Novice: 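Structure below; questions to follow.
Note on naming: letters A, B, ... go to the chains in the order of the sequence lines (proteins, then strands), and numbering restarts at 1 for each one. Values below: all heavy atoms of this structure, side chains included; hydrogens, waters and symmetry mates excluded. These figures come from a predicted structure and were not determined experimentally.
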Protein chains: 2
Amino acid sequence: MPASSAALPTKERILGAAEELFAQHGFEGASLRQLTAAAGVNLAAVNYHFGSKDRLIEEVFRRRLDQLNGRRMAALQKIAGDPATTIEDVLEAFIAPALELSHDASGSLFMRVLARAFAEHDDTLRKFLSENYGHVMRQFTAEFARLLPNLSKEELYWRVDLVTGALTHAMSGFGMIQRKSDVPEHQHREQTAEHLIGFAAAGLKSP
Amino acid sequence: MPASSAALPTKERILGAAEELFAQHGFEGASLRQLTAAAGVNLAAVNYHFGSKDRLIEEVFRRRLDQLNGRRMAALQKIAGDPATTIEDVLEAFIAPALELSHDASGSLFMRVLARAFAEHDDTLRKFLSENYGHVMRQFTAEFARLLPNLSKEELYWRVDLVTGALTHAMSGFGMIQRKSDVPEHQHREQTAEHLIGFAAAGLKSP
DNA sequence: CGAGGAATCAAACGATCGTTTGAGCATACG
DNA sequence: CGTATGCTCAAACGATCGTTTGATTCCTCG
């Protein structure tokens, strides 16, 4: 049982603090001393529980992406191959789980961590993400290919790539995604989804 | 005159090496020792010529963005307010200078540095970029507003934001932008511009 | 030629980094 | 009760960080 205020086990308190500090200062910019101080645990606890800082970084991704991509795949399975499925449906299956994740504060921090991971061209990290979660992108791309049969493979990859960039940028909290204080949370999420889906669908379907 | 192989003055050799290493390892991840070693200059040269590492970072941005945004503004001035101007024309004015910059190897590295700057939520850096180059984004947004009179201000900001994200992502070299070896450079650049402009225009004009 | 400012150099500064150590504490089981 | 086992802790490890110093070299100009 932890002695400090929060009643969470040490491992999870580290993961929470890591998510926040990685989002703010990057993976190299956030030190284990800042991190353990913010979590209220001993400096050595990171190496004891995770082995190294790199493995901690991977664990931060694993915890969130398992949940995020699980929901994405579940939503996609429901509509994949269905003749009635539209581009907008597929985009909804991709975007809605991410917006749900952004619902609580710690989840939205993770989207910024993810945006950082894209910006870092670190090969180890990219390989880890590709190996563990690449199949999700491939499944969604395959479904887009089915719904956009007139697009060449190259053209399709281009558009999916651009959609990915737009969504990552938007959801990492740079611009418009901040909720105004007079709009309730669930309504803001629906509006955000509408903007993202409308924009991405138009780009994908571009003549 | 420098003693080493390249016939460039020390200051520019530092800027070149900084661009490359910042793109690869980030601003905190690239050390002055790596940097000066790569540039073939003494460690103290950075602080002598630039004052500090932070000022070096700003100088890396200033050098490229002055050129990039100068060309963007010049291209925009030619078409702004013209009744015959299309969305595609404005996007071309925004995108073409960036693709020209990506033409030489060092220029394309800079687009990755720029993508990193977006991912970092460092307030100092964001303030610097906003103060020095924010007027460019405002001018382009104003022109989009003229050409899309039916969009609410909020809707317009959303779409411009998403276009920015898509372009930054694409031009920082994550995905499709790599040129295949059997395609000549100028042709690749035209094709890339077509993909980007087509996608962005469709997103902006979305019903 | 000789003075003087600009530039470069090796070396060191204190601070901070990720990681390791070994003692100390707690809880569970024979 | 005694002893494992899991965990926490302060302290230290060597390495590396950005920056500063003071001497030395280079080049220009009187």
Side-chain angles (χ1 to χ4, degrees), chain A residues 1-61 113 116-117 120 122-125 128, chain B residues 1-61 113 116-117 120 122-125 128:
Chain A
M1 177 80 85
S4 182
S5 56
L8 290 170
T10 298
K11 243 179 141 171
E12 306 215 11
R13 304 176 69 199
I14 292 175
L15 284 170
E19 203 164 52
E20 176 164 349
L21 289 172
F22 288 156
Q24 283 177 16
H25 305 111
F27 304 113
E28 308 213 48
S31 75
L32 292 187
R33 283 171 177 81
Q34 291 179 278
L35 202 155
T36 50
V41 304
N42 188 270
L43 168 61
V46 169
N47 285 278
Y48 178 79
H49 285 283
F50 298 94
S52 70
K53 185 179 183 179
D54 282 338
R55 300 254 297 279
L56 167 61
I57 294 174
E58 289 186 3
E59 210 57 40
V60 167
F61 281 102
V113 176
R116 274 189 183 274
E120 315 237 351
D122 180 282
D123 282 338
T124 308
L125 189 54
F128 170 81
Chain B
M1 176 82 87
S4 182
S5 57
L8 290 169
T10 297
K11 245 181 138 167
E12 306 215 10
R13 305 176 69 199
I14 292 175
L15 285 170
E19 203 163 54
E20 176 163 351
L21 288 172
F22 288 157
Q24 283 175 16
H25 304 112
F27 304 113
E28 308 214 47
S31 76
L32 293 185
R33 283 171 177 81
Q34 289 179 280
L35 202 155
T36 50
V41 305
N42 187 271
L43 168 61
V46 169
N47 285 278
Y48 177 80
H49 286 284
F50 297 94
S52 70
K53 186 180 182 180
D54 283 338
R55 301 253 298 278
L56 167 62
I57 293 174
E58 289 187 3
E59 210 56 40
V60 167
F61 281 102
V113 176
R116 274 188 182 275
E120 316 237 350
D122 179 281
D123 283 337
T124 308
L125 189 53
F128 170 81

Novice: Name all residues meeting the side-chain contact (heavy atoms from CB on, under 4.5 Å) criterion together with B/Thr124; count only those two or more places apart in sequence or in a different chain, and write none if there are none.
Specialist: B/Asp122
Novice: Just jot down the side-chain contact (heavy atoms from CB on, under 4.5 Å) partners of A/Arg33, sequence neighbours excluded, or say none.
Specialist: A/Ser31, A/Leu43
Novice: Using the test salt bridge (Lys or Arg N to Asp or Glu O under 4.0 Å), find all partners of A/Glu58 that sit at least two apart in sequence or belong to another chain.
Specialist: none
Novice: Any idea which of C/dT19, D/dC17, D/dA10 is nearest the A/Ala44 side chain?
Specialist: D/dA10
Novice: Can you run down the salt bridge (Lys or Arg N to Asp or Glu O under 4.0 Å) pairs that involve residues 44-57 of chain A, sequence neighbours left out, and say none if there aren't any?
Specialist: none
Novice: List the residues meeting salt bridge (Lys or Arg N to Asp or Glu O under 4.0 Å) with B/Glu20, not counting sequence neighbours, and say none if there are none.
Specialist: none
Novice: I want to check something: taking the side chain as every heavy atom from C-beta on, are A/Phe22 and A/Arg116 in contact at a cut-off of under 4.5 Å?
Specialist: no
Novice: Check the distance between D/dG18's C1' and B/Phe22's CZ and give it to me in whole angstrom.
Specialist: 12 Å
Novice: Mapping B/Leu43 and A/Leu43 onto DNA chain C by nearest heavy atom, which one lands closer to the 5' end?
Specialist: B/Leu43
Novice: Is the shortest heavy-atom distance from the side chain of B/Val46 to the side chain of B/Thr36 under 4.5 Å?
Specialist: yes
Novice: By side-chain contact (heavy atoms from CB on, under 4.5 Å), which residues pair with A/Ala23, not counting sequence neighbours?
Specialist: A/Leu109, A/Arg112, A/Val113
Novice: Please give, in whole Å, the distance from D/dA11 P to A/Arg33 CZ?
Specialist: 13 Å
Novice: Is B/Arg13 reaching over with its side chain to a backbone N or O of B/Val41, donor-acceptor style, under 3.5 angstrom?
Specialist: no
Novice: To the nearest Å, give me how far apart CG (A/Asn42) and P (C/dG18) are.
Specialist: 14 Å
Novice: Are B/Asn47 and B/Leu56 side-chain neighbours, meaning at least one heavy-atom pair lies under 4.5 Å?
Specialist: no
Novice: Please list, in numerical order, the residues of residues 51-58 of chain A that have a heavy atom closer than 4.0 Å to any atom of DNA chain D.
Specialist: none
Novice: Could you list the protein-to-nucleotides 4-7 of chain C atom pairs, N/O on both sides, closer than 3.5 Å?
Specialist:
residue	atom	partner	partner atom	Å
C/dA7	OP2	B/Tyr48	OH	3.0

Novice: Measure CG/A/Leu21 against P/C/dG18 and give the value in whole Å, please.
Specialist: 11 Å
Novice: Rounded to the Å, how far apart are A/Phe50 CZ and C/dT19 P?
Specialist: 13 Å
Novice: Under 4.0 Å from any atom of DNA chain C, heavy atoms only: list the residues of residues 24-32 of chain A that qualify, in numerical order.
Specialist: A/Ala30, A/Ser31, A/Leu32
Novice: Who pairs with B/Leu21 by side-chain contact (heavy atoms from CB on, under 4.5 Å), at least two apart in sequence or on another chain?
Specialist: B/Gln24, B/His25, B/Ala30, B/Gln34, B/Leu35, B/Ala38
Novice: Quick one: B/Asn47 CG to C/dC13 P, roughly how many Å, whole number?
Specialist: 18 Å
